[in-house]
Every structure is written in C-alpha cells, then in structure tokens.
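Keep in mind the model is a prediction, meaning the values are calculated, not measured. Ligands are counted one by one from 1 in listed order, and the atoms in each one are counted from 1 as well.
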Amino acid sequence: MVIATALSTTPQTTMLGACPHDCPDTCALVTTVQDGRAVKLQGNPNHPHTGGVLCTKVSRYIERNDHAERLTTPLRRVGPKGAGRFEPVSWDVALDTIVTRFKALKHSETILPYSYAGTMGLVQGESMDRRFFHRLGASLLDRTICSTAGGEALSFTLGGKVGMRVEFFAESKLILIWGSNSIGSNLHFWRHAQAAKRNGARLVCIDPRKTETADKCDEHIALLPGTDAALALALMHELIVHDWLDHDYIANHTLGWEQLRERALQWPPSRAAQVCGVPEAQIVALAQAWGTTKPAAIRLNYGMQRVRGGGNAARAIACLPALVGAWRHRAGGLLLSASGHFPVDRAALQRPDLLAGRRPRTINMSTIGDALLDTANPVEAIVVYNSNPVAVAPDSGKVVAGFAREDLFTVVLEQFQTDTADYADFVLPATTQLEHWDIHTSYGHTDVLLNRPAVAPRGEARSNAWVFRELARRMGFTEPCFADDDEALCRSAFAPGVVDFAQLEAQGFTSLALPEAPFADGKFPTPSGRCEFFSARLAAQGQDGLPDHVPNYEAAGSSREFPLAMISPPARNFLNSTFVNVKSLRAIEGEPLLEIHTDDAAARGIADGATVRVFNARGEHRCRAEVSRRARPGVVHGLGIWWRKLGMDGTNVNQLTSQRLTDIGRGPTFYDCLVQVEVDDRSAAAS
Ligand SMILES: Nc1nc2c(c(=O)[nH]1)N[C@H]1C(S)=C(S)[C@@H](COP(=O)(O)OP(=O)(O)OC[C@H]3O[C@@H](n4cnc5c(=O)[nH]c(N)nc54)[C@H](O)[C@@H]3O)O[C@H]1N2
Ligand SMILES: Nc1nc2c(c(=O)[nH]1)N[C@H]1C(S)=C(S)[C@@H](COP(=O)(O)OP(=O)(O)OC[C@H]3O[C@@H](n4cnc5c(=O)[nH]c(N)nc54)[C@H](O)[C@@H]3O)O[C@H]1N2
Ligand code: SF4
Ligand SMILES: [Mo]
C-alpha cells in the first residue's frame with residue numbers, strides 16, 4: 001500500500017505546446033508528464049482562444065501518441081509496392097541508401113517533395129525540408145490541396161489572407177456561417193458565435209448539408225454545391241434595388257463598383273433561386289438581413305471553394321461586407337483566413353536563395369495522379385512527409401497507379417503505416433508534437449504559439465527537420481544553415497523584435513499587435529488600397545476581372561448517367577486522414593458512410609444501412625448508405641477521409657473525385673463530383 005502511494009506521487013511536470021493540426025483554431029496545449037510519459041493533455045486555460053477546451057480528437061492525442069502501431073524504426077520495403085511488407089533497418093542504412101539513390105539520378109529535378117499540413121508547424125513543415133530541396137534543386141511543389149482557390153481569391157479582393165479578428169464575432173448581430181461546419185472543424189469560433197447568439201444575433205448557415213452547425217443556427221440555406229456566387233450576386237442585386245448600400249464606404253474604399261453593379265443586376269433572386277435550388281424567399285430575406293443588420297459578419301470557410309468556380313465564389317462573397325460598410329465595425333466584415341497577418345520570415349526558414357538561380361519545374365500536388373503517370377516529364381523519386389496523398393488526393397485510381405510504379409523511388413516520413421506509407425521503399429519514423437520543437441501561426445486567430453517537446457521520441461523516431469539535416473550532411477551540403485537545430489529554427493521564424501520569444505517560452509503564446517477593425521478606413525493591402533471588386537490583376541491574366549457564377553464542371557442535374565452531386569467534407573472525429581487509426585475516435589465514426597436523402601434512396605430502392613455502390617466514370621466505391629435528414633435531394637455526402645485500407649474494397653471517396661482544377665488558385669475540386677448510387681448486388685445477394 002505504502003509503496004503504491006509512493007509510486008503514484010512521482011512528481012508531475014507540465015509542458016506548454018501547440019496543437020499541430022490543420023485546423024483554424026491552433027489551440028494552446030498543456031501536457032502533464034510523469035515518469036517520462038505524457039499522462040494528461042489539456043487545452044491551456046490561460047490562452048483566450050483555447051479557453052482550456054480541446055476538441056474530442058486532440059483530447060485523444062495521447063492515445064495516438066502511445067498507439068501500439070506507432071512507427072519506431074526505419075523500414076525498408078521487402079514485398080511488392082503497396083503490399084505493406086517491410087523489414088527494419090538502421091537509420092544509417094536508410095539514409096545512406098536514400099542519398100545514394102538521389103545521387104544516381106541524372107537530374108535532381110526528377111525528385112519531388114510532397115508535403116502538406118500534417119503538422120502546421122513552421123519548423124517541421126517548412127524549414128529544413130525546404131532548405132534541403134532548394135539546395136538539391138528538386139522539383140517545387142504547388143501546395144494547392146486545400147485553400148488556394150479561396151486564398152488567392154481573397155488576395156485579389158482584399159489584398160491578402162486577412163480579415164476580422166475572430167473574437168469580435170461575439171459582438172456581431174448577424175453571422176453568416178458560409179461553407180463551414182464550425183462545430184466540426186472550427187470549434188473555438190463556434191464559442192464566439194454562441195456568445196453572439198446569446199446577445200441576440202441571428203446565425204445563418206449556408207451549406208448543402210444540414211450539419212450539426214446548421215442544426216444550431218436560426219436558419220439553414222441548403223444550396224446546391226458550387227452555386228455560392230449566384231447566391232452572393234443575388235444578395236448584391238437586392239442591396240442595390242433596396243438601396244441598402246453604404247455609398248460613402250463604396251466611394252472611398254472600393255474599386256470597380258459600377259461594373260459590379262451592372263453584373264449584380266443580372267442576378268435577380270428568382271434566377272439565383274433556380275441555380276442554387278433554394279426558395280427565392282430565402283434569398284430575399286437573407287439580403288434584407290445583410291442589408292439592414294449592423295454589425296454583420298461572415299465566417300467564410302474553405303468548404304465552398306472546392307468546386308470549379310470556388311475562386312469566383314469566394315471573391316463574390318468577399319465583396320459583400322464592403323457594400324454595406326460592415327468593415328467599419330470591429331464585429332463586422334469577413335474572416336476566411338488570418339494567416340496573412342503573420343510576418344513570418346519565410347526566406348530565413350526556407351532559404352529559397354539556395355536555388356542559386358536554378359528554376360526547377362513546379363508540380364501541382366492536386367494532380368499528383370497525373371504527375372506520377374506522366375512519362376514525358378517523369379518523377380523518378382518522391383519524398384512524402386506531413387501528408388497522406390494516397391488517401392487524400394483526388395482521383396485515387398490514378399494516384400495509386402502512380403505510387404505503384406516499380407521504378408518510382410518513394411520515401412515516406414510518417415508516424416503511422418498509412419495508405420501512402422504502404423507504397424514506400426523506405427518509411428522513416430517521425431516524432432509527434434509531444435516529442436519535437438515547433439513554432440506555430442494560425443489561420444483562425446492571430447497568436448503565435450511555441451511547442452516544446454514534452455517527452456522523448458518513441459523508439460528511434462526523429463523529427464522531420466532532423467531527417468533533412470542528416471540527408472543534407474550525407475549529400476555533402478556544407479552551408480552553415482544545415483547545422484541549425486530545431487530550437488534555433490523556431491527562433492529564426494520571425495525577424496528579431498517581431499515576436500517576444502521570452503514570452504512565448506513563458507506562457508506558450510503571444511499575440512500580434514493588430515487593429516481591432518482592420519479596414520474601418522479602407523487601407524486594404526491591395527495594389528489600389530481598396531477592396532477590389534474589379535481586379536486588374538485577374539484581368540491581366542485573361543480572367544474575368546469581376547466575380548461571376550462559374551458553374552461546376554459536374555453541375556447537379558446536368559447528367560442523366562450520374563445524377564447525384566457528391567460532396568465529401570470531413571468527419572468530425574477525424575482530421576483529414578489523421579486519427580482514422582485511433583480506435584476510440586473510429587468507434588464514434590463507425591464506418592465509411594454515404595448520407596442520402598430519403599427521396600433519392602427510395603427512388604433507388606436503398607434502405608437505411610444497405611451496402612451501396614457509388615460510382616462514376618472514374619471509379620467505384622462501396623460503403624454503407626445512411627438515409628439521412630442531413631442530405632438534401634440531389635446531393636449525397638461521403639464523409640472523409642477514411643484510410644483506404646479500412647474501406648470495404650480498399651477504397652475511399654477519392655476514388656470518385658476528379659483532378660480538374662479551380663478557376664483561381666489551381667486548387668482541387670473535391671466537391672464538384674457527380675455520381676450514381678445503387679444497391680450493391682453482391683451484398684444484397686449475400687444477405
Ligand atoms: N474535425 C475536423 N476538423 C477539421 C478538418 C477535419 O478533417 N476534421 N479539416 C481541417 C482542414 S484541412 C480544413 S481545410 C478545414 C475544413 O473546414 P471548412 O473550411 O469548414 O471546409 P469543409 O469542412 O470542407 O466544408 C465545410 C462545409 O462546407 C460545406 N460545403 C460543401 N460544398 C459546399 C458549397 O459548394 N457551398 C457551400 N456553401 N458549402 C459547401 C460542407 O458540407 C461542409 O459542411 O477544417 C479543418 N478542421
Ligand atoms: N474527398 C476529400 N478529399 C480531401 C478533402 C475533402 O474534404 N474531401 N480535404 C482536402 C484538404 S482540405 C486537405 S488539407 C487535405 C489534407 O491532406 P493531408 O495534408 O495529407 O492530411 P492528413 O490526411 O491529415 O495527413 C497528414 C499526415 O501527416 C502525418 N504527420 C503529422 N505530423 C507529422 C510530422 O511531424 N512528421 C511527419 N513526417 N508526418 C506527420 C500524419 O500522421 C498524417 O498521416 O486533404 C484533402 N482531401
Ligand atoms: S484540432 Fe483544432 S480544435 Fe482540436 S485541439 Fe487542434 S486546434 Fe484545437
Ligand atoms: Mo485543408
């Protein structure tokens with residue numbers, strides 16, 4: 001008894017950190033450590049944006065960290081590509097072999113680094129890795145998989161990824177939650193929306209799916225995917241005909257009003273109602289609310305820009321606050337991403353100067369399937385880290401065929417044996433956020449966070465930065481920047497004096513000094529200093545200088561063969577394909593499902609729980625159907641992103657999505673996808 005008590009009183013220490021995930025909230029973490037193990041993980045109660053609360057996923061981060069299936073040694077492939085058969089090897093063997101293979105290639109440009117935001121950390125995501133590949137002269141990667149359509153659209157309109165301070169949504173009187181399932185993917189914004197609601201604000205959710213967020217809003221506008229620009233233009237139409245405009249703000253702080261006015265007058269609500277598939281009265285009422293409520297704000301999110309016209313739609317929506325002068329108030333305006341507020345010293349972190357005048361080709365990550373199958377401009381080696389392209393990239397049939405190439409040399413840095421790691425020649429075990437240093441900005445608030453390692457790396461796991469430092473050394477790169485350790489990299493993320501590093505060390509976070517209402521007096525960071533309804537920069541690229549409705553490549557109702565529009569937004573308890581292997585979270589999500597409206601199900605003889613074939617010209621995916629009140633007629637939802645190997649036939653929804661790109665930003669069009677659904681004969685026969 002006495003001994004047990006003594007053991008359980010081993011001293012506990014705490015370590016401050018940051019959530020690494022691709023989520024706008026970038027929560028501050030406190031990890032409690034005992035006997036060298038993480039025993040508790042909490043939201044930092046002192047960080048106002050976190051408020052001591054974490055989402056369900058990350059509150060299970062220790063389960064993920066201590067998972068029995070963590071990769072703990074370097075692995076070398078022994079079976080055929082994709083079979084997932086490996087043998088352990090030492091770091092020396094793995095790294096020396098990789099370097100030998102790289103040196104044997106005629107052109108370094110045939111090496112492709114493939115990474116995304118598995119960690120959003122500046123050190124483990126965009127520092128030593130970039131230095132290494134720049135010095136090597138590898139292909140450059142166009143990192144488009146998530147947000148470039150909306151991000152570039154915002155830059156063309158407002159001048160950057162800038163907008164409202166998230167905390168002031170709590171004071172708004174009208175909030176449009178547009179293309180965002182906030183409860184699922186932006187929980188800490190939702191706290192502010194709820195506070196606003198308690199103060200009498202009206203919340204309107206604009207989303208084809210009746211999400212848990214839509215359930216809690218005052219109104220839900222269930223438009224068809226890819227029709228947001230039509231809705232925004234009709235709102236403008238109503239603002240004009242009812243004169244709900246802030247003429248003074250428009251005259252002084254916007255550009256191209258006369259042209260936009262003409263465009264918007266072509267969009268009476270009746271026309272938009274047809275295109276959007278929603279009642280005209282709903283559009284008229286929304287316009288009145290937007291035109292007459294002050295302060296009014298839009299929480300725009302990336303769900304609405306994963307379609308052909310995603311960039312134009314984001315531009316159209318980004319014009320709405322200026323028209324009514326919403327920016328005048330700190331609780332008015334729009335927020336898509338705050339990341340442009342951070343003065344990160346990317347040149348210091350990434351050292352593009354190491355390219356030394358070379359101009360390697362750029363490969364778009366959203367069309368990795370085609371890129372790997374391109375024999376004219378071959379990719380001979382690929383290094384994947386912070387990403388799981390075999391599961392998350394569109395048109396998986398092609399992605400898998402590309403990764404299955406026997407002649408492709410593939411290195412994957414991973415914490416787990418993902419679908420992508422199965423195709424590797426070498427898998428290198430990566431540290432987690434509890435085990436490495438990093439420094440973080442955010443795209444949903446304006447604080448900088450520091451993450452210090454709380455526990456030692458599991459097994460032989462090493463940080464990404466360590467791996468690229470070692471590869472650089474073995475390649476014979478002697479520039480002093482390849483000697484920077486991870487902590488030094490954290491310190492070099494901001495120019496001296498920009499961020500108080502002592503404060504970061506002491507409290508884990510520090511806030512940028514920013515105005516409360518950034519565009520109250522205009523001063524947009526555009527070339528004209530105005531909110532650019534008309535963009536000369538877009539026009540110079542041969543694009544429409546004004547926002548317009550650009551219909552989907554695969555618009556709902558345009559095909560008899562594939563009559564249903566499929567969107568595949570995130571499942572609440574996964575983060576993209578991360579956490580799918582954490583049992584307690586997978587248990588909540590169950591299995592891959594397709595939500596379908598009762599009419600669409602009945603027309604196909606599909607009962608709730610039936611196994612269905614979802615298919616189009618690109619492929620087929622079998623899963624369970626859920627006849628669901630969350631689906632509107634004509635639209636089905638395959639929530640993601642499951643690991644392929646956990647799906648019924650070793651596929652996931654990306655078997656169906658296409659590699660076509662958005663109008664602006666070269667982004668993917670995951671939610672621009674037509675399918676047909678039918679009862680699966682094989683399983684029907686078996687039952
Ligand atoms: N729990 C959880 N949180 C996450 C993620 C996750 O996987 N899980 N992923 C993270 C990442 S990487 C990102 S980019 C963000 C994604 O979060 P968001 O930026 O919010 O984007 P999505 O979740 O893709 O889509 C949000 C909503 O848009 C709706 N939508 C789909 N098509 C359209 C359309 O054409 N118009 C409109 N108006 N709405 C549409 C979807 O039904 C969905 O409910 O969330 C991050 N947070
Ligand atoms: N159908 C469909 N497809 C989609 C989307 C969708 O809505 N629908 N969403 C798209 C979007 S918005 C995005 S952002 C992409 C996301 O796609 P990815 O960026 O590929 O995100 P994840 O699937 O979470 O994979 C990240 C991987 O990084 C690993 N990782 C995490 N931290 C580290 C680290 O420190 N070191 C190393 N080496 N590895 C680490 C994790 O284990 C995980 O396997 O998916 C896109 N794909
Ligand atoms: S995933 Fe988002 S909400 Fe969850 S802990 Fe991380 S930053 Fe916070
Ligand atoms: Mo994303």
**Q.** Side-chain heavy-atom pair Ile368, Ile382 within 4.5 angstrom cut-off
**A.** yes
Q. Between Lys645 and Asp422, is there a side-chain N and carboxylate O pair less than 4.0 Å apart?
A. yes
Q.
If we set the cut-off at 4.0 Å for heavy atoms, which region of Thr26 has an atom near ligand 3: side chain, backbone, both, or neither?
A. backbone
(Q) Show me which atoms of ligand 3 lie under 4.0 Å from any heavy atom of His188. (A) 3 (S), 8 (Fe)
Q) SG/Cys490 to CD1/Ile439 distance, rounded to the nearest 0.5 angstrom? A) 5.5 Å
**Q.** Side-chain ion pair, Asp25 and Arg191, N-O less than 4.0 Å
**A.** no
Q.
With heavy-atom distances below 4.5 Å as the criterion, would you say the side chains of Glu219 and Leu286 are in contact?
A. no
Q.
Checking the side chain of Arg458 only, and the main-chain atoms of His67 only, is there a donor and an acceptor separated by less than 3.5 Å?
A. yes
Q) Based purely on interatomic distance, does Thr227 place a nitrogen or oxygen under 3.5 Å from a nitrogen or oxygen of ligand 1? A) no
Q: Enumerate the atoms of ligand 1 whose separation from the nearest heavy atom of Arg209 is less than 4.0 angstrom.
A: 42 (O)
Q: Please find out if atom 6 (Fe) of ligand 3 and some N, O or S atom of Cys19 are separated by less than 2.8 Å.
A: yes
Q | atom 8 (Fe) of ligand 3 contact by Cys27, N, O or S atom under 2.8 Å | A | yes
Q. By number and element, which atoms of ligand 1 are closer than 4.0 Å to a non-hydrogen atom of Arg572?
A. 1 (N)
(Q) With nothing but distance in play, are any N or O atoms of Leu223 less than 3.5 Å from an N or O of ligand 1? (A) no
Q.
Would you say that Tyr116 contacts Asp22 through its side chain, given a criterion of any heavy-atom pair below 4.5 Å between the two side chains?
A. yes
Q: Specify the protein heavy atom at minimum distance from atom 4 (Fe) of ligand 3: its residue, its atom name, and the distance to 0.1 Å.
A: Cys55 SG, 2.3 Å
Q: Report yes if some N/O of Tyr443 lies less than 3.5 Å from some N/O of ligand 1; otherwise report no.
A: no
Q.
Can you name the atoms of ligand 1, numbered from 1 with element, that are less than 4.0 Å from a heavy atom of Asn181?
A. 20 (O), 26 (C), 27 (C), 44 (O)
Q.
As an exercise, identify every atom of ligand 1 less than 4.0 angstrom from a heavy atom of Gly226.
A. 34 (C), 35 (O)
Q.
With side chain to side chain donor-acceptor pair (under 3.5 Å) as the test, pick out the partner of Ser366 among Thr662, Thr144, Asp142.
A. Thr144
Q) Would you say His21 reaches atom 4 (Fe) of ligand 3 with an N/O/S atom under 2.8 Å? A) no
Q: State whether a side-chain donor-acceptor pair under 3.5 Å links His436 with Asp486.
A: no
Check ligand 2 for N or O atoms under 3.5 Å from a protein N or O and list each pair with its distance.
unit_1	atom_1	unit_2	atom_2	d
ligand 2	1 (N)	Ser568	OG	2.9
ligand 2	1 (N)	Asn654	OD1	2.8
ligand 2	3 (N)	Asn654	ND2	3.2
ligand 2	7 (O)	Ser568	O	3.2
ligand 2	7 (O)	Tyr671	OH	2.8
ligand 2	8 (N)	Ser568	O	2.9
ligand 2	8 (N)	Ser568	OG	3.3
ligand 2	20 (O)	Ser387	OG	2.8
ligand 2	20 (O)	Asn388	N	2.8
ligand 2	23 (O)	Ser577	N	2.9
ligand 2	23 (O)	Ser577	OG	2.5
ligand 2	24 (O)	Leu575	O	3.3
ligand 2	24 (O)	Thr578	OG1	2.5
ligand 2	28 (O)	Ser387	N	3.4
ligand 2	32 (N)	Gln415	NE2	3.2
ligand 2	36 (N)	Asn386	OD1	3.1
ligand 2	36 (N)	Asn464	OD1	3.1
ligand 2	36 (N)	Asn464	ND2	3.1
ligand 2	38 (N)	Leu413	O	2.9
ligand 2	38 (N)	Asn464	OD1	2.9
ligand 2	39 (N)	Asn386	OD1	3.4
ligand 2	42 (O)	Arg64	NH2	2.9
ligand 2	42 (O)	Glu414	OE1	2.8
ligand 2	42 (O)	Glu414	OE2	3.4
ligand 2	42 (O)	Gln415	OE1	3.2
ligand 2	44 (O)	Glu414	OE2	2.5
ligand 2	47 (N)	Val392	O	2.9

**Q.** Numbering as shown, the atoms of ligand 1 that approach Ile206 to under 4.0 Å (heavy-atom distance)
**A.** 37 (C), 38 (N), 39 (N)
Q.
Would you say Thr119 and Asn386 are linked by a side-chain donor-acceptor pair, where the criterion is simply a distance under 3.5 Å?
A. no
Q | Atom pair OG (Ser584) and CG (Asn573), whose distance is rounded to the nearest 0.5 Å | A | 8.5 Å
(Q) Taking 4.0 Å as the limit for heavy-atom contacts, which would you say applies to Met304 with ligand 1: side chain only, backbone only, both, or neither? (A) both
(Q) Please list the nearest protein heavy atom to atom 2 (Fe) of ligand 3 with its residue and the distance rounded to 0.1 Å. (A) Cys23 SG, 2.3 Å
Q) Above 12 or not: heavy atoms from other molecules or residues under 6.0 Å from NZ of Lys210? A) yes
**Q.** Enumerated ligand 1 atoms positioned under 4.0 Å from heavy atoms of Trp178
**A.** 38 (N)
**Q.** Pairwise side-chain contact, Glu167 with His192, heavy-atom cut-off 4.5 Å (strictly under)
**A.** yes
Q. Any N/O of Gly184 closer than 3.5 Å to an N/O of ligand 1?
A. yes
Q. Does the side chain of Thr431 reach to within under 4.5 Å of the side chain of Gln124, using non-hydrogen atoms?
A. no
Q: Identify whether NZ of Lys or CZ of Arg in Arg64 sits under 6.0 Å from the centre of the six-membered ring of Phe579 and within 45° of that ring's axis.
A: yes
Q. In the protein, what heavy atom is nearest to atom 5 (S) of ligand 3, and what distance, to one decimal place, separates them?
A. Val58 CB, 3.4 Å
**Q.** Which of the ligand 1 atoms, numbered from 1, are nearer than 4.0 Å to a heavy atom of Asp228
**A.** 34 (C), 35 (O), 36 (N), 37 (C), 38 (N)
Q | Candidates Arg452, Arg70, Arg462 - the one meeting salt bridge (charged side-chain N to carboxylate O under 4.0 Å, His left out) with Glu435 | A | Arg70
Q. Can a salt bridge be assigned to the pair Glu63 and Lys583 using a cut-off of 4.0 Å between side-chain N and carboxylate O?
A. no
(Q) Below 4.0 Å, non-hydrogen atoms only: which portion of His637 touches ligand 1? Side chain, backbone, both or neither. (A) neither
Q) Just which atoms of ligand 1 are under 4.0 Å from any heavy atom in Thr211? A) 44 (O)
